[in-house]
Amino acid sequence: MTTSVGDILYTTSTSANDIFLYSHSLTLLVCQADSPPGMIQNSESLILVQRNVTDFSLVQPVLKYYELGGNLELQCSNSGSSFLVWMKFESQEMTSYETLNFAIFEKENFKKIYSEEYALGKTGNLIVSVVGARHDGLYGCLSGNGTSDDLILHQAVIYEHPEPAYLSVTGCSVVTYCVLETVQEGSLTCTVKGILPQVQLEWKTFYHSDADLISFTNQQLIVKDNGQSVDVVLTSTYRITENGPNRLTIECRVSEPDSIFGYLSTKLDLLLIDEIKEQFLGQLKERYKDLYYAVQPLPYIKDRLYCVDKVFVEGGIQFLDTTGLQGGEEKWKSLKSYESVFQDPRVNSNRLILEGEPGYGKSTISLQFAFNWCNQRTSSPLKDVEILILLRLRQVGGVSSIYTAIKQFLLPIDTKISESDIENILQSTTSVVIILDGFDEYPNQEDSAKCDIPLIISRKMFQGFQVILTTRSSVLPRNYSPQTRRVKLTGFDETSRQFYIRKAVVGDDNAKVEIIEGYLQQNAILRDLCEVPLLFVIFAHMTHDSEHFRKLVSVTSYFRYMVSSFHSHLKNKAESEFLPKLQKFEVEHRNLDKIAFEGLKGNHQKLSWSKESLNESLGEEFYQQYIRIGILVEEEVIDYCDQPGAPTIGPIQYKTVVRFYHKLFCEWYAAHYLSEVLQNNPSIDLKDYLRYLDPFDLQYLYRFTCGLNSFAAERIIDFLKNMEGGDRFAVLCILEQTGKVENITSTVRQLCEESVLISGHDSLLLQRSSIQLLEIAARNDIPIRRVDLYNCLDEVKLHERTITTTSGLVLDARIPFIRLKIHVSNRPFSEKEANDILQYAGLCSLLEYVTFSGCVPPPAFHNESTLSLLQSKKITVRWRLTQKSPLYILDLNSGVWKDKFGNSQPTEEDSKNLKLQIEAELDAVKESEHRNNVEILYVFNQCVIWSRIHCWYKYLFRGYQWTMCSTRICQTGGSSQT
């Protein structure tokens with residue numbers, strides 16, 4: 001002890017021996033002055049002494065677990081301790097340590113903290129408020145009371161659950177169990193991410209009895225430190241024994257039996273795929289590669305082939321919504337993408353019909369599916385499909401077995417895979433997509449008693465497989481499964497066209513894009529024609545080289561120029577001595593015309609012919625010229641014979657058949673023959689002669705015929721006018737003669753004197769014909785009495801002054817019609833929707849009446865500007881639910897509906913009271929003793945109930961069954977029960 005008085009320094013010292021006399025490891029020494037002079041401020045000092053040779057190994061640590069990010073608290077000893085020291089050992093050997101803090105509980109509590117991460121509680125417990133990975137380790141606490149001491153050890157284990165909370169196996173997408181197709185030897189990788197503490201992984205068989213069936217070698221463990229956690233990856237090679245099973249259950253697991261994470265394991269089955277399945281998949285992909293790398297936009301340029309992915313552009317696509325109300329009407333609704341057929345829950349079925357008119361891209365989209373599957377495109381839902389089968393049905397006529405068709409048309413001719421192998425592979429695979437392309441060209445549509453294809457379509461075969469059937473809308477299978485969903489392609493809009501031009505024709509050359517698109521904007525007929533993707537593709541590639549297309553005024557002139565260009569390309573390459581014959585065959589093709597017509601004319605269309613018979617009918621030179629041009633295409637099919645007496649070399653032989661590049665070309669040449677027949681046979685009975693030639697299936701045959709021959713056109717048009725819906729189609733045929741309307745104004749005037757119907761239930765051709773009829777009338781100042789939009793209203797675009805139909809067609813407000821009727825079955829309108837329609841009506845120049853039908857408009861209109869606009873235009877707004885329902889007129893002053901007597905609709909309070917009254921009466925009937933014999937029908941024909949339910953209230957009680965109109969639904973009609 002040292003003190004000073006004035007200039008004199010006084011020092012006092014003492015020493016102690018055998019300080020660990022009463023305690024073994026920790027002792028507290030006190031240095032105290034017996035008679036301290038007055039100048040000493042502190043007469044006592046405390047010294048806590050820890051022995052260096054303490055043997056910590058004699059104490060068993062207490063195991064404690066603490067989650068990362070939580071808090072840690074370690075107890076030292078009993079509460080009788082006078083002093084303590086906390087330590088953290090640097091290793092499990094406990095040879096060195098770090099002192100964290102100490103405390104002396106004599107007199108006033110004295111604490112010394114060496115690390116800010118650790119705190120001491122009142123009883124000396126060690127506290128960490130936020131636990132990190134660094135706090136993992138062995139802690140020790142020495143405590144004493146002067147006569148004895150105590151030592152306690154804590155093994156603090158800091159843990160973090162893995163994320164994801166399972167072991168993942170490369171190749172498995174399932175969480176805890178999967179089937180992994182593999183071969184006899186290979187490698188396996190197992191990973192656990194974001195775990196703490198580090199764990200050891202191992203591969204082993206799930207059943208101990210299988211341990212000798214597989215060996216795991218070269219096991220490499222890689223640990224990645226993430227700071228607060230680690231990723232552990234175990235890769236191992238394996239080999240299944242020669243005589244091992246085809247299916248073996250193994251697992252990757254945490255090998256420590258007492259792991260904090262319990263039994264952390266992922267189990268999987270190794271499904272041993274023999275070489276046959278691997279070869280099968282490889283051969284399928286090679287075949288599809290040949291197909292999707294041979295897309296030929298221009299048939300006469302055979303050296304300019306494209307991969308389908310380089311030219312494929314999505315057009316419009318819709319599905320048929322059949323989930324509507326009972327008694328309601330089906331409606332086509334838009335899908336986001338062609339891949340939605342696999343993903344959209346609204347088309348959730350494993351049987352799907354993909355419809356489209358000729359040239360709308362059904363086969364191209366099938367090739368795109370094949371490309372996506374072969375290349376495992378990550379954005380495609382097909383990436384997880386094990387097997388994709390793509391068959392062109394026109395090739396498999398007479399083939400009864402699907403396995404035969406696959407072997408003969410999808411596998412190489414020298415394959416060693418048998419039909420039974422194919423059957424075994426498919427039957428053992430759960431994830432299979434089958435695309436049957438071109439049912440409309442399938443030769444066995446009727447004779448299908450022994451064929452697999454109709455069984456697959458009707459879901460009597462391959463019930464668990466996804467099956468997509470492509471066909472024209474007019475040629476649907478008779479017995480397709482009730483679970484089948486229907487999807488249709490609707491063609492190219494302006495966005496699709498521009499995207500294709502950039503992708504496949506001119507790249508990012510904006511000027512050239514504008515030139516090509518400008519041709520379409522200047523030519524309405526050409527623009528309409530180019531909604532057909534096939535025709536637009538040919539147009540885009542040919543117009544890139546020529547500006548002649550801007551002069552085309554009809555479908556006939558388009559095709560005439562296109563076919564002429566095909567021939568010109570060949571003539572430009574030919575020697576001069578061959579030119580006369582090439583020119584002759586270009587204009588003289590009557591035999592081909594007759595063959596094409598007879599192929600379309602029969603009860604069942606014939607769209608391919610044997611090479612030998614066609615060669616004989618046309619002549620070798622003619623045949624070869626049309627093959628070189630690309631108008632005719634050769635294709636190998638099976639010459640199938642399973643009858644007695646078949647050749648001994650086997651029941652299956654190949655033959656070459658010939659078809660047109662596309663059915664539209666078949667219709668072009670058939671039209672030449674038909675126009676000649678009608679010219680030369682004026683007395684022929686058209687109703688009988690054309691009975692199998694449906695105009696709505698073969699529209700281009702009729703349009704081409706009218707464009708080629710004016711006499712034939714006159715007869716065709718008269719024939720069409722007598723058909724239901726044919727009058728509108730007749731207008732398109734008239735336009736084919738010259739592309740001008742001077743000669744058809746009387747016909748247009750006659751059609752516009754009645755209502756012009758645009759129905760969502762009509763074909764796209766009829767809807768488009770109606771729109772074109774209105775446009776012709778508008779350009780020629782022909783008055784239009786009424787336009788009926790029947791279940792086709794999609795959207796009102798006020799900024800464009802248009803109504804868009806569900807088919808994507810546009811009704812422009814500048815078309816001068818006098819009356820507009822909008823029929824939408826079983827649907828209430830919001831005030832905004834109805835207000836948009838009325839705003840559109842105010843934009844129309846000659847409109848006098850707007851009628852709502854079949855639907856429920858809002859009970860009142862509150863937009864004063866709309867009401868004022870209608871008043872200024874003197875437009876009457878009417879509403880009639882059904883033909884038998886009363887007519888209501890919108891009062892443009894008050895915005896409410898009134899009947900012919902001037903009575904307004906009941907108030908909402910009146911509606912609620914009436915609803916309660918009806919329910920009470922029905923409850924009474926329901927409780928009566930004679931309820932089985934009572935039939936009560938409440939029909940309110942003279943008032944419409946407006947309330948939150950917003951529909952007609954109609955109650956029907958029959959026996960035990962009674963129903964009430966549900967919310968947001970409108971139902972009408974004599975005995976409707978919904």
Sub-4.5 Å side-chain heavy-atom contact between [X] and [Y]:
X    : Y    : result
F462 : L426 : yes
F342 : V385 : no
L213 : T205 : no
Q483 : R351 : no
F465 : I387 : no
M87  : L142 : yes
K224 : V233 : no
L410 : I389 : yes

Is it true that E90 and S96 share a donor-acceptor pair across their side chains at a distance under 3.5 Å?
yes
Would you say the side-chain atoms of D437 and T470 include a donor-acceptor pair closer than 3.5 Å?
yes
Which atoms form the tightest heavy-atom contact between [X] and [Y], and what is the distance?
X    : Y    : value
D452 : S401 : OD2-CA, 3.3 Å
L393 : L469 : CD1-CD1, 3.9 Å
A133 : Q228 : N-OE1, 3.0 Å
L382 : W373 : O-CD1, 3.4 Å
Y139 : F89  : C-CE1, 4.2 Å
I425 : S428 : O-OG, 3.1 Å

For the side chain of [X] and the backbone of [Y], is there at least one donor-acceptor N/O pair under 3.5 Å apart?
X    : Y    : result
Q463 : K460 : no
R253 : K267 : no
E256 : Q200 : yes
H154 : Q75  : yes
R287 : F409 : yes
T404 : V399 : no
Q466 : S349 : yes
T266 : L167 : yes
S229 : L196 : no
Y306 : F312 : no

Relative to each other, are the rings of Y292 and F371 parallel, tilted or perpendicular (30° and 60° limits)?
perpendicular
Roughly how far apart are [X] [atom1] and [Y] [atom2], rounded to 0.5 Å?
X    : Y    : atom1 : atom2 : value
N350 : T484 : CG    : OG1   : 8.5 Å
L201 : C252 : CG    : SG    : 5.0 Å
I214 : L248 : CD1   : CG    : 5.5 Å
C307 : L291 : SG    : CG    : 11.5 Å
T241 : Q184 : OG1   : CD    : 7.5 Å
L390 : L367 : CG    : CG    : 6.5 Å

Salt bridge check, [Y] against [X]: does any charged N sit closer than 4.0 Å to a carboxylate O?
X    : Y    : result
E386 : K277 : yes
E185 : R239 : yes
E163 : K193 : no

When you look at [atom1] of [X], are more than 12 heavy atoms from neighbouring residues, nucleotides or ligands closer to it than 6.0 Å?
X    : atom1 : result
I413 : CD1   : no
K289 : NZ    : no
Q343 : CD    : yes

Side chain to side chain contact (heavy atoms under 4.5 Å, CB included) between F280 and T415: does it pass, once the steps are laid out?
CA-CA 9 Å; F280 177 67; T415 183; over 6 Å; no
Of D344, N372, I365, the residue whose pairing with E339 passes side-chain contact (heavy atoms from CB on, under 4.5 Å):
N372
Trace of the side chain to side chain contact (heavy atoms under 4.5 Å, CB included) decision for L188 with L270
CA-CA 10 Å; L188 293 166; L270 293 181; 4.2 Å; yes
With side chain to side chain contact (heavy atoms under 4.5 Å, CB included) as the criterion, how do V232 and Q198 come out once you've worked through the C-alpha distance, each side chain's angles and the decisive distance to 0.1 Å?
CA-CA 7 Å; V232 182; Q198 176 187 331; 4.2 Å; yes
Go through the steps to decide whether S168 and T191 satisfy the test side chain to side chain donor-acceptor pair (under 3.5 Å), and finish with yes or no.
CA-CA 5 Å; S168 60; T191 304; 4.5 Å; no
Candidate pair Q408 and Q395, rule side chain to side chain donor-acceptor pair (under 3.5 Å), full reasoning:
CA-CA 10 Å; Q408 300 302 323; Q395 295 179 309; over 6 Å; no
Take F319 and S340 through the test side chain to side chain contact (heavy atoms under 4.5 Å, CB included) and record every step on the way to the result.
CA-CA 10 Å; F319 76 100; S340 298; over 6 Å; no
From the options Y118, Y66, Y159, select the one residue that forms a ring-ring contact (aromatic ring centres under 6.0 Å, His included) with H135.
Y118
